[in-house]
**Q** 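Here's a structure for you.
In each ligand, atom 1 is the first atom listed, and ligand 1 is the first ligand listed. Since the model is a prediction, treat every value here as computed from it, not as a measurement. Just so it is clear, the values below take in all heavy atoms, side chains as well, and ignore hydrogens, waters and symmetry mates.
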Amino acid sequence: MRKHIVAGNWKMNCTFTEADELVNGIMEQLEEKELPRETQLIVCPPLPYLEMTTDYANDSYFLVGAQNVSDQERGAYTGEVSAEMLESMEIDYCIVGHSERRQYYGETDAIVAAKVDRLLAHGLKPIVCVGEVLEEREAGRQLEVVKRQVEQGLFHLTAEQMQEVVIAYEPVWAIGTGRTATPEQAQEIHAHIRSLLAAKYGQALADEVSILYGGSCKPSNAKELFACADIDGGLIGGASLKAEDFVAIAMSF
Ligand code: 13P
């Protein structure tokens with residue numbers, strides 16, 4: 001069975017003290033509530049807080065992910081953080097191709113593909129984000145856009161490598177807008193992604209890849225989204241900054 005995953009993307013939020021409080025809040029919530037065994041919780045704080053978060057998590061409460069990684073291996077790339085560094089800190093996951101990085105930092109499908117390669121070479125699992133912008137949805141191009149992103153970002157991988165990848169469908173018009181995709185809209189794209197994987201790698205492998213939904217996911221709508229056949233969890237932005245909401249979402253399977 002596919003893993004259920006709920007990952008919190010804190011984006012560029014929290015001071016060190018706030019981050020410390022949030023991690024502790026999540027651990028308190030997890031002590032109170034029993035998370036189903038098959039649900040994997042992942043916390044993706046800003047880079048400076050990775051060490052603090054991994055120290056607390058100690059692999060027992062949740063796994064830790066980074067929000068970004070360099071597409072280069074190592075060397076003179078001021079300000080960048082490499083997959084090798086993340087590996088050396090025992091970070092498990094890393095978000096790649098988030099729409100905010102595609103939109104504001106020029107992350108192309110080719111860069112996404114290179115980052116995925118770096119991560120896999122260092123034993124990290126990429127959480128690869130795809131999703132159409134509003135104009136593309138209004139023009140009925142969402143299937144085509146997501147297909148291009150999946151093919152160009154991931155289809156150079158071997159089947160063995162593909163098994164390490166998590167995909168997140170995040171319709172850009174639903175991110176931070178309070179406008180969530182309906183379960184039907186999300187399920188359609190998730191099924192589409194899975195059929196692309198099946199055509200390229202076979203149904204058995206496609207059935208093993210976790211595909212997460214992201215975009216204004218909150219405790220009040222997580223249940224109906226996670227009930228969809230091809231939605232295996234969520235990539236949570238705003239609601240992951242409140243420990244109670246984040247854990248409530250993870251309890252929504
Ligand atoms: P929101 O949950 O704030 O809409 O953000 C979703 C997201 O971008 C997660 O990566």
**Q** Between Ser252 and Ala222 (side chain of the first, backbone of the second, donor and acceptor by atom type, cut-off under 3.5 Å), is there such a pair?
**A**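 Not confirmed, Ser252 side chain does not pair with Ala222 backbone.
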**Q** Would Glu144 and Lys147 count as a salt bridge (charged side-chain N to carboxylate O under 4.0 Å, His left out) here? Give the steps.
**A** CA-CA 5 Å; Glu144 166 204 330; Lys147 179 170 189 270; over 6 Å; no
**Q** Relative to the heavy atoms of Gly176, which atoms of ligand 1 are at a distance of less than 4.0 Å?
**A**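 Listed by number with element: 1 (P), 3 (O), 4 (O).
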**Q** Any nitrogen or oxygen of Glu100 lying under 3.5 Å from a nitrogen or oxygen in ligand 1? Just yes or no.
**A**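 No, there is no polar N/O contact under 3.5 Å.
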**Q** How about Tyr49 and Asp20: do any of their side-chain heavy atoms sit closer than 4.5 Å?
**A**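 Counting from C-beta outward, Tyr49 and Asp20 never come under 4.5 Å.
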**Q** May I ask you to check whether Phe226 and Tyr213 place their ring centres under 6.0 Å from each other?
**A**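 Ring centres of Phe226 and Tyr213 not closer than 6.0 Å.
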**Q** Should the proximity of Asn9 to ligand 1, defined as any heavy atom under 4.0 Å, be assigned to the side chain, the backbone, both, or neither?
**A**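 Within the 4.0 Å criterion, Asn9 contacts ligand 1 through side-chain atoms alone.
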**Q** For atom 5 (O) of ligand 1, what's the nearest protein heavy-atom neighbour? Residue, atom name and distance, please.
**A**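 The protein heavy atom lying closest is Lys11 NZ, 3.2 Å.
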**Q** If you measure from each heavy atom of Ser240 to ligand 1, is any distance below 4.0 Å?
**A**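 Heavy atoms of Ser240 never come under 4.0 Å of ligand 1.
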**Q** Give the numbers and elements of all ligand 1 atoms closer than 4.0 Å to a heavy atom of Ala174.
**A**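 In order of numbering, the contacting atoms are 4 (O).
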**Q** Are Leu124 and Asp92 close enough that some pair of their side-chain heavy atoms sits under 4.5 Å apart?
**A**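 No - every pair of side-chain heavy atoms lies 4.5 Å or more apart.
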**Q** Show every side chain to side chain donor-acceptor pair (under 3.5 Å) that has at least one partner inside residues 117-133, sequence neighbours left out.
**A**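 Listed once each, the pairs are Glu73-Arg118, Glu73-His122, Glu87-His122, Asp117-His156, Lys125-Glu164, Glu132-Arg137, Glu132-Tyr169, Glu132-Trp173.
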**Q** For ligand 1, which atoms, with element, lie under 4.0 Å from some heavy atom of Gly215?
**A**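 Close to Gly215: 4 (O), 6 (C).
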**Q** Residue-level breakdown please: for Ala168 versus ligand 1, do any non-hydrogen atoms fall below 4.0 Å on the side chain, on the backbone, on both, or on neither?
**A**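 Neither part.
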**Q** For atom 7 (C) of ligand 1, what's the nearest protein heavy atom and its distance?
**A**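 Sorting protein heavy atoms by distance from atom 7 (C) of ligand 1 puts Glu170 OE2, 3.1 Å first.
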**Q** Can you list the atoms of ligand 1 that are under 4.0 Å from a heavy atom of Gly238?
**A**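 Contacts of ligand 1 toward Gly238, numbered from 1: 1 (P), 2 (O), 3 (O).
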**Q** Take a 6.0 Å sphere around CD of Glu244 and say whether it holds more than 12 heavy atoms from other residues, nucleotides or ligands.
**A**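 For Glu244, atom CD is not crowded (no more than 12 foreign heavy atoms under 6.0 Å).
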**Q** Please report which non-hydrogen protein atom sits nearest to atom 2 (O) of ligand 1, along with the residue it belongs to and the distance in Å to one decimal place.
**A**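 For atom 2 (O) of ligand 1, the nearest protein heavy atom comes out as Gly237 N, 2.9 Å.
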**Q** Name all residues meeting the side-chain hydrogen bond (donor to acceptor under 3.5 Å, both in side chains) criterion together with Asn221; count only those two or more places apart in sequence or in a different chain, and write none if there are none.
**A**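 Residues passing side-chain hydrogen bond (donor to acceptor under 3.5 Å, both in side chains) with Asn221: Thr180.
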**Q** Under 4.0 Å, heavy atoms only, figure out whether ligand 1 is touched by the backbone of Lys218, its side chain, both or neither.
**A**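 None of Lys218 does.
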